[in-house]
Structures are given as structure tokens and as C-alpha cells.
Amino acid sequence: MIETRALAYRAGQTDILHGIDLTIPRGGITALIGPNGAGKSSLLHCVSGLNQPSEGSVTIDGLDPYAASSRERARTVALLQQSPTVVSRLKVAELVGFGRWPHHRGRPTTEDNDKTRAALAAFALDDLADRSLETLSGGQRQRAFIAMAYAQDTPWMLLDEPLNALDPRHARDLMARLHGLSRGEQGRSIVIVLHDINAAAGWADRIVAMKDGRVFAHEESAALLTPETLREVFDTPFQVLRHEGRPVVVAR
Amino acid sequence: MAERRMIWLGLALLLLCGGFLAWHLRAPYGFILELRAAKLGALICVGAATGTATILFQTVAMNRLLTPEIVGFDSLFVLLQTLLVMLLGGVGLAQVPGALRFALETCLLMGAAALLFGGLLRSVSGDVTRLILTGVILGLLLRGMAEMLQRLLEPSDFAVVQQAMFATFGRVDEAQLAVSAVILCLALLASLRMAPALDVAGLGRDTARGLGLRHDRVVLVALMLAAALISVSTALVGPITFLGLLAASLARQLTDTHRHAILLPSAAIIGALILVAGQFVFERLLQRQSALSVVVELFGGLLFLFLVLRKGPR
């Protein structure tokens, strides 16, 4: 499980996160929602071991990402950045293959190649494997980067706004794939930053709502999505409807 | 495919080297061959060093326009040499054995480059405009500082520094060439060894760190290797600002790959090809002695403008 205790993060003179106590159990999808500037991405970076907290502690399955070696950390948690760099002339298969770096350090084995192929297949990228990243659409590129994180073969995947630039069909398709990958005994534990509250309502097992650098609420999906909670988190009124037993959120 | 192109480039360089040595060879064969071999060695060392250093620097800077020369690595070398002359005096410095002096200058440049540019790349990473502006201004600042200090030197001391200030392929110090060749080989081997790590570093600092790469260490080592390579080039023939840009851009274009195991040797070969072919044409065919650096700067400068205006930096 991911555990943060009194976690605080400061960038320059600005306090971004304040005393976050959070426990995320293994398995399923946990969605981080909240308005812009709430600290969702910073929390993800602190948990992944990339942004050293100014105070407090974080552990992932008992591992302190700031005390562990970079290799050990990269074998425990994979992070997808919000806007990853697109390297020119880089092919999709090569990008996904980079996910195996923490395991082979530049000398890929047959197992690494198999895992790369499996990641390409899991995100329906087989046909695009030899295409250069520059020639892909935004959605295809996003899938390629998520496949790289998947190829890292870590128990935890942290995804920062992976639905950015995706149309509703591709967003739904991606969430369905992630949902499938998070199920079962070998399923990945996925923490995902989402701006689409309905995607969170439809696919997440639990939701963490953040506001002003603090965890505002942390519940099973359905329990958190009430008009009162959402209004307080986003400072705007919402209506919560029901469709086939699931909450559907409409901003009023 | 990319590997095959690299091999073709290598074969072209070999052929050209043969032509450079054998073209219109007359007696006394041994003496002329020795002279030509020394010049050829210098051209290969300078071209290979500059091409490799540029790929290393562009990868860690995440920018295809900046080169070590544009941000002032060579000016830093001249500045350090000026400071050494100020401290030890021209006569004092001349008493230091050539190899030791060269090693000392190289180590100083590596340390200074790591200090100056390591911090710069970290603080402005991701902000391409700021990186280019800061790099170019830093280059100008270092050049200006070197020139200012040179004005304070005695004329005899200034003469010692002066030979490092202008690019010329006319004279080659053979002792220095041997040391340069050793440094070049070591730096090339080290660069190739870290090629897979450079591939990952090219994904950007955060993504690379997320994959478990010790990114800051890779950047530091790459900068130090680039500094060692630039000191080889500058010490042998003087500063050539745009050769690296030409070699690196052509290497990327011709090999069409992002893999540093191919890019680094290809840029080294292309850098050497440009200089050997250029010198061959000017010296043997056109019977001119000192036009090569000027022509390289002209075409490199035009390429720089073309890249800026065409699609901008990555």
C-alpha cells in the first residue's frame, strides 16, 4: 500500500502540499480529482520518489522511495508524466522497450523483449510498433507512453492525466484497458489523476479529492460523489444523477 | 539500416584518408607521408572530437541547436589558458611538459564545464528559449572575459595564448597530437559505454529518473566528456564554432536514428569526413592553405540559421 504521513512539499517559496495523511490500498484504480492547482501532480511526484517532500514521509509497499536505490524504486513504481518529451526518430517499440530499463540497464534479455511485446499488445500497439512517435496522433502517443509505464512491470502505476487530448471514445477505451489491467491477483495498482469526474465515477474503485494542497475527502467512489462534497471541492454546484446504478456528475 | 549507413560512412572516411595520404605523392616519400599523416591525424582527432562532443551536449541539453562551442566551451578553454599564463607566465608555462600541461588544461576545463553548465542545464531544463539565450550569452561572456584578460598580458605572454585563439590546420604539434589521440579514444569509449543511458536521458529528466536512471550523474559525466573532447579540438587547431553543429545534424539526418550507439560514432566519422574532405579539396585541389575553417564556419552558420528558421529547437 501507499502511505503518506504528514507529507508536505514546497517548491521554491510556495507551499504546494500540506500535511497529507493518506493510505491507498493495493489493487484497483484510485482516482485523484480536484481543481487545477490542488496538488494532485505534486502528490504523484512525491509518492513516485521524484520530488523530495519538505516534511513528512512516504512509503510504497513499505519502501521509502527516497532511501531506496533508483533501480529499486523504478521496479516498484512507474510514473507517467503529464507531458512527456517526444523524442524525434524514436519508434513506438523502442519507447515501450525503455520501460524495461530498470530491469536490464542497457542489455535487454529475451524476457525483456517478451515483456515489451506484451506491453505493446496490451495497449493494441502491435501495428504501430515500427512507427515513429512523431507520426502518431495524440491518443496513440499517449497509449505508447502508458505502455512504456506498463512494461516497467511495477506493482504500482501512477498516471498523471493520461486522458489529456483524448476524445471520448479513446478515453473510454483507455480507461477500460486500465481497468482490465488492475483486476485479478497479478493486477496492477493504478493511481490516476483525472479531470473527468465521470471517468473517475465510472472506472475508479476509490476517489481521493484534493483541494489547496490537502486531501479533502477519500472514499469509495460512490460515497464521495455527492453534490455537497463536489461543490466544496470545486467551488461550483454539481448535480449527481444515476444511470445504470452509476453516478453521473453534471456541473450546473 | 542505421548500422549499415554508419559502416558506409566509415568506409568513405577510410577511402578519403587513403586519398589524402597518397594523392600526388612524390619523393621523399617518408618525409612527406609523415607530414601528411600528422595533419590527417589532427583533422580526424578534431572532427571526431567535435562531432562526439556535440551529440553528447545536445542530448543532455535536450536541444538540437546548441553546441558546446556556441555556449562557450572553447572560449572557456582559451580563458583557462589565459589564466594559466597570467599565473605562471608564458615562460613558466612553457617549462611545463606539453603532455602535463595539456592534461592540466583538460582537467580544468572538465571541472569548470561541469560546474558552469551542470547547474545551467538543471535550472533552465524544459525552457528552450531561456536555455538558448543563456547558453549564447554565457558563450559571449566567456569570450569577453578571455579577451579582457588577454589585454592585461605582456606581449610575449599574449603570443603563447594567441596560438589557441584562431583555428588553423597548418601546424600540428605531434606530441600534443599523441596525447589528444589518447584522450579522444578514451572519451569515445566512455561515451559509447554510456550510449544506452544517453538514449534514456533523451526522454527528459523526469521520465529518465522515473525509469531509474541517475540522470544528474549522466548529465555530469556527459558534460565532462564533452569538455575533454573540446579541449582536444581547441588545443590542436583552435576554436571552430559550427563544425559540431554540421557533424551532429548530418549524423542525425543520415542515420535517421535516436540511438547513441550509432549517433556518436557517426557524428565522429562525419566530423572527420568534413575536415579531411575540406582540407583535401583546399590544399590538394585548390592549392590553398587556410580557408577550411572559414568555409566550415560559413556553412555551419548557414545551417544554424536554417535550423532556427525552419522548425526551431526540439
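Chain naming here is simple, since letters A, B, ... match the order of the sequence lines and numbering starts at 1 in each.
Rounding to the nearest 0.5 Å gives a distance of 11.5 Å between CG of Leu80(A) and CG of Asp206(B). Atom-to-atom distance recorded for Ser70(A):OG and Asp216(B):CG is 11.0 Å, nearest 0.5 angstrom. Rounding to the nearest 0.5 angstrom, the gap separating the CZ atom in Arg209(B) from the OG atom in Ser48(A) is 8.0 Å. Going from atom CG of Asp199(B) over to atom CZ of Phe98(A) covers 5.0 Å, rounded to the nearest 0.5 Å. Rounded to the nearest 0.5 Å, atoms CZ (Arg105(A)) and CG (Leu213(B)) are 7.0 Å apart.
Proximity to chain A (any heavy atom under 4.5 Å) is shown, for Thr207(B), by both the backbone and the side chain. Interface remark: Ala197(B) contributes backbone and side-chain atoms alike to the contact with chain A (heavy atom separation under 4.5 Å). Contact of Glu94(A) with chain B is made through the side chain alone, with heavy-atom distances under 4.5 Å. Interface remark: Leu50(A) contributes backbone and side-chain atoms alike to the contact with chain B (heavy atom separation under 4.5 Å). With a 4.5 Å cut-off on non-hydrogen atoms, Arg259(B) touches chain A through its side chain but not through its backbone. Only the side chain of Leu95(A) comes within contact range of chain B, with heavy atoms under 4.5 Å apart. Using a 4.5 Å cut-off between heavy atoms, Arg100(A) makes no contact with chain B at all.
Within the 4.5 Å cutoff, the side chain of Pro196(B) has no heavy atoms near those of the His104(A) side chain. Inter-residue side-chain proximity for Leu203(B) and Leu90(A) is flagged as met; some heavy-atom pair is nearer than 4.5 Å.
Remark: side-chain polar atoms of Arg89(A) are paired, donor with acceptor, to backbone N or O of Arg252(B) under 3.5 angstrom. Counting only distance, with no hydrogens or angles, the side chain of Gln81(A) and the backbone of Gly210(B) share no donor-acceptor pair below 3.5 Å.
The environment of Arg183(A) atom CZ is dense: over 12 non-hydrogen atoms of other residues, nucleotides or ligands sit within 6.0 angstrom. With a 6.0 Å radius and a threshold of 12 heavy atoms from other residues, nucleotides or ligands, Arg71(A) has its CZ atom above the threshold.
The heavy-atom pair separating Leu211(B) from Pro102(A) by the smallest distance is O-CG, 3.2 Å. The minimum heavy-atom distance linking Ser88(A) with His258(B) is given by the pair O-CB, 3.9 Å.
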